[in-house]
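We count ligands from 1, going down the list as the structure has it; atoms in each ligand are counted the same way. The structure displayed is predicted, hence computed values, not measured ones.
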Amino acid sequence: MPQQELRELYIDELKDLYNAENQLVKALPKMAKAANSDELRNGFEEHLEQTKGHVQRLEQIFEMLGESPKGKKCKGMEGLIEEGSEMIEEDFEGSVRDAGLIGAAQRVEHYEIAGYGTVKAFAETLGETEHVSLIKQTLQEEKETDEKLTELAEQINSQATSEAEQGEGEDARSSKKLTTAGKSKKRVA
Ligand SMILES: [Fe+2]
């Protein structure tokens, strides 16, 4: 492949990631708000701060390239965020909702890991060593976030199972309360 074409493709992929990260900056506060567990909410809030840093690293790369980061819409991220919003709108409560949110968040992480893996390989081929080191830092943070989510899922999934068992024995009044709480969250999201 001619170097110039690979460079164009590289810039295209970076623009896609830039748009994806910016979409995520908007979506993560909604996911944090919808989270039931404090740990999960903190995790989303922490990742929001990291994500802002990912946007900045991409801006640094674009500056070095002398290109604008704008001009692409990441349809993949749009779809993943859409699915995350659908999860928030579902009637799942408590740990079950959290388990669903983790599933949506991990899809996002895996998508980003794939995207950054691609641009890292392109940057290496193009000899852009400074870009490679910036991309590696972001890639590492995405992987760590994914691992943290896996650990959280182990706790939350077992809570979700016991809540579901308890729920079967609960009276109608308390389950109605849960539903109402979920609905108010829905409106906020
Ligand atoms: Fe990111």
Residues H54 and Q137: side-chain donor-acceptor under 3.5 angstrom: no

Metal check, the Fe ion (ligand 1) vs E141 N/O/S, cut-off below 2.8 Å: no

N, O or S of H54 under 2.8 Å from the Fe ion (ligand 1): yes

Over 12 non-hydrogen atoms of neighbours within 6.0 angstrom of CZ in R107: no

E13 atom CD, over 12 foreign heavy atoms within 6.0 Å: yes

E142 OE2 and E112 OE2 subtending at the Fe ion (ligand 1) (10° steps): 80°

Residue of the set E142, E130, E141 for which salt bridge (Lys or Arg N to Asp or Glu O under 4.0 Å) holds with R57: E141

